[in-house]
Amino acid sequence: MGMNTAELTPIPPDFYLKPTRTVARELLGCLLVRHLDGETLVARIVEAEAYLAEDDPGCHAARGRTERNSVMFGPPGSLYVYLIYGMHLCMNLVTQPEGVPEAVLLRAAEPLAGIGAMRARRGRHALKDLCSGPAKLAQAFGVTLADNSGDITRGDFFVAPAADPPGRIAITTRVGLGEGCGEELLLRSMIADSPWISRPPRPDAPVIIEER
DNA sequence: GGAACGATTGAT
DNA sequence: TCAATCGTTCCT
């Protein structure tokens, strides 16, 4: 059932040294894989956002290093997990060399395997309710604060290369940022026309389509 | 020490 | 449209 998960292997750390916008774009179609509690969870990434060290007031590291954001300053391929709104967790993949605090927020994915376990963790049945938002995705994959600073390039929680690369990619503004937080920057990437994204672009936001 | 706020979600 | 819910951040 589901899919063959035997040959899934991690993308190595060098991938996360590319420009962060590129990493966000190239993560589309890649597979998020986790072996957890005797299950293999797999989802195809369809939406991701870049957060930059320079000229990006929306980045958690925009005002320097703090206890919370310290993982962003760590090695590429690190997992940065944080609590938002006192009740949800968001999952980021750290990019750039140590000392450069950039990351990609994983925002949405298409569930492919381990659906039952995802449903149980989410408390929802519909496939579209499992991974269609950053906190939903984290919950479906059993992410906790204990996963913060983990290594996404090896072990039982990793990103594998795209088996089915996306065709058209849409680039637009990020979700949920207030005024003055870089809300106009085109740092959100998603698979164009994917039914698995968290939400459509704002009606007034520019959308750039890249053919592949 | 205290207050305001947030890279969200789910219900109304 | 709105409440939930609490750690982080920033101000006093």
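Every chain is numbered from 1 and lettered A, B, ... according to where its sequence line falls, protein lines coming before strand lines.
- A donor-acceptor contact closer than 3.5 angstrom is absent between the side chains of A:S189 and A:R25.
- Using a 4.0 Å heavy-atom criterion, one finds that A:G133 contacts the sugar-phosphate atoms exclusively.
- OP1 and OP2 of C:dT5 both lie 4.0 Å or more from every side-chain N or O belonging to A:H88.
- Ion pairing of A:D193 with A:R168 is present here, as a side-chain N (NZ or NE/NH1/NH2) and a carboxylate O approach within less than 4.0 Å.
- Side-chain N/O atoms of A:R124 include one lying less than 4.0 angstrom from OP1 or OP2 on B:dA11.
- Remark: C:dC11 base-pairs with B:dG1; criterion is Watson-Crick or G-U wobble with both hydrogen-bond distances under 3.5 Å.
- When heavy atoms are screened at a 4.0 angstrom cut-off, A:T66 is found touching the sugar-phosphate backbone but no base atom.
- Among the nucleotides B:dG10, B:dA7, B:dT8, the one closest to the side chain of A:Y51 is B:dA7.
- Judged by distance alone, with hydrogens and angles left aside, A:Y82 brings a side-chain donor or acceptor within reach of the base of B:dA7, the pair sitting under 3.5 Å.
- A close approach under 4.0 Å does not occur between any side-chain nitrogen or oxygen of A:R63 and OP1 or OP2 of C:dT9.
- A:R68 comes within 4.0 angstrom of the backbone, heavy atoms only, and of no base.
- Residue contacts for A:R122: at a heavy-atom cut-off of 4.0 Å it reaches the sugar-phosphate backbone alone, with no base atom in range.
- Mapping A:C181 and A:D129 onto DNA chain B via the closest heavy atom, the residue that lands nearer the 5' end is A:C181.
- Atom CD1 of A:I84 and atom C1' of C:dG7 are 10 Å apart (whole Å).
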